[in-house]
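Order of appearance sets the numbers: ligands from 1, and atoms from 1 within every ligand.
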Amino acid sequence: MNKKLRFNTLSIHGGQEPDKAYGAVMPPIYQTSTFAQAAPGEHQGYEYSRSGNPTRAALERSLASIESGNYGLAFASGLAAMDAVIKLLEPGDEVLSTNDLYGGSYRLFRKIFEPLGIRFTFTGMQDADALESMVNEKTRLIWVETPTNPMMNVIDIAAIAKLAKARNIMLAVDNTFATPYIQQPLELGADIVMHSATKYLGGHSDVVVGALVVRDPKLAERLYFIQNASGAVCGPMDSYLVLRGIKTLHLRMQRHCENGEAIAHFLAGHPAIEKVYWPGFPTHPNHEVALAQMKAFGGMISFIPKGGTYERAVEIVKKLEVFTLAESLGGVESLVGHPASMTHASIPKEEREKSGVTDALIRLSVGIEDIEDLKEDLEQALA
Ligand SMILES: Cc1ncc(COP(=O)(O)O)c(C=O)c1O
C-alpha cells in the first residue's frame with residue numbers, strides 16, 4: 001500500500017488487500033489452530049496460529065500502518081503486549097516509568113518483573129530535562145504514558161526521545177489514551193508504541209487485545225520471537241473485531257474529541273466542580289507540549305467534585321445514567337470510573353495520592369452520544 005496515504009485512508013486500507021481465496025474485502029476470520037502442509041515445512045505461509053494467523057496478520061499490518069511503523073504485533077491484552085516489551089530486558093536492567101500510569105501496568109512492573117530482577121523507578125516526567133539526572137548506565141528502557149491515566153499529564157515525547165537516543169535507551173510509549181489519530185509516538189522518536197487495543201482501537205467494548213508497533217527490524221524480530229515463545233497472542237475473532245474497529249477510528253475519535261471538549265468546558269464552568277483535568281485547557285500543565293504533539297485532546301477527562309470526599313464521588317458515579325459505571329474506556333458509550341477503587345486500586349494509596357489519584361477523583365471516558373444527553377446526565381448527577 002502506498003505509504004503516502006493519509007491517516008483516514010490508512011485506517012481503512014492500511015496493510016489490507018482483498019483475501020486471496022475469494023476476494024473477500026474484509027479478511028475472513030481464520031478460526032483455525034493449524035494449517036495443512038503438503039510435505040514437512042511445505043506450507044502457504046502459516047503453520048500454527050500461535051506463530052501466525054492470516055486474520056491476526058491483517059490486524060498487525062493495519063496497526064503498523066496507522067502508527068507509522070513497519071511492524072505490528074497483536075497480543076491477548078494490553079498487559080500481554082507490555083509483558084513482551086519488558087521481556088526484552090535482563091535481570092539488573094533498569095526502567096524509568098511515569099509515576100501516574102494505569103494501575104495494571106504498575107502491578108505488572110512491580111509484582112511480576114521486579115521480583116525477577118528488573119528495577120523500576122516511577123517518576124513524574126512532565127519536566128523532560130529533570131529526567132536526565134535519573135538515568136544511569138543500567139537504564140535500558142523509558143516507559144511513558146501520555147496523556148497519563150487518570151491525571152491527564154502530558155509528557156514531551158520528542159524531548160524524552162532525544163535524551164533516550166543520546167544514551168542508547170529504548171523509549172516505549174503507551175498510546176492508548178491518544179490513539180494514532182491524535183499523536184504518533186514513532187514519528188516523535190519513540191522506538192515502541194503500545195496500545196491497549198481494548199480501548200479506542202477496538203472502540204466497541206467487546207474485546208480485550210493489545211498491540212505493539214515498531215520500525216526497527218531487529219527489535220521487531222526480538223518481539224516476534226517473544227510473542228511466539230511466550231504465546232500471549234490474540235485470537236482470530238478478536239483480531240477481526242479490532243481490525244473492524246480501526247476502520248472507523250478516525251470518525252469515532254473526531255466525535256470523542258468534540259464531545260470531550262464540550263464536557264470539559266461544561267464541568268469547568270459548573271459550580272459543583274473543584275477541578276477538571278483535560279489537556280486542552282491553556283492552564284493545563286504542559287498544554288504547549290499537548291498543542292505541539294497532539295492533533296486534538298481526546299475524550300478522557302478527570303475531575304474532582306467540590307467537597308472532595310470519597311462519599312461525594314461515589315454518590316455522583318452512582319447517580320449517572322447515560323454514563324455507565326464500569327472499568328475500561330474508549331468505547332462508543334460513555335463510561336465513568338472511580339480510579340482509586342477501580343482501575344488504580346492495585347497502586348498503594350500513599351503512592352497513588354502522590355500523583356493526584358485521590359479518593360474524590362472521577363474519570364470520564366466521553367463517548368459519541370448526543371452531547372446534550374451527556375450534559376443533562378452530568379447535571380442531574382451533580383445536583
Ligand atoms: C493506558 C492503559 N494501558 C494499558 C492498559 C492495559 O490494557 P488491557 O486491559 O488491554 O490489558 C490499560 C487498561 O485499562 C490502559 O488504560
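A cation-pi arrangement is found for Lys275 relative to Tyr277, the charged atom lying closer than 6.0 Å to the ring centre and inside a 45° cone about the ring normal.
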Give me the pairs of N or O atoms, one from ligand 1 and one from the protein, that sit under 3.5 Å apart.
from: ligand 1; atom 1: 3 (N); to: Asp174; atom 2: OD2; distance (Å): 2.6
from: ligand 1; atom 1: 7 (O); to: Ser196; atom 2: OG; distance (Å): 3.0
from: ligand 1; atom 1: 10 (O); to: Gly78; atom 2: N; distance (Å): 2.9
from: ligand 1; atom 1: 10 (O); to: Ser196; atom 2: OG; distance (Å): 2.8
from: ligand 1; atom 1: 10 (O); to: Thr198; atom 2: OG1; distance (Å): 2.7
from: ligand 1; atom 1: 11 (O); to: Gly78; atom 2: N; distance (Å): 3.0
from: ligand 1; atom 1: 11 (O); to: Leu79; atom 2: N; distance (Å): 2.9
from: ligand 1; atom 1: 14 (O); to: Lys199; atom 2: NZ; distance (Å): 2.6
from: ligand 1; atom 1: 16 (O); to: Asn149; atom 2: ND2; distance (Å): 3.2

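Legend: residues meeting side-chain contact (heavy atoms from CB on, under 4.5 Å) with Leu291, ordered by chain and number and at least two apart, are His287, Phe297.
Interatomic distance, Leu364 CG to Asn259 CG, rounded to the nearest 0.5 Å: 12.0 Å. A distance of 5.0 Å separates CD1 in Ile316 from CG in Leu382, rounded to the nearest 0.5 Å.
Using a 4.0 Å cut-off between charged side-chain N and carboxylate O, Asp359 and Arg352 make a salt bridge.
For Phe122 and Tyr106, the ring centers are positioned less than 6.0 Å apart.
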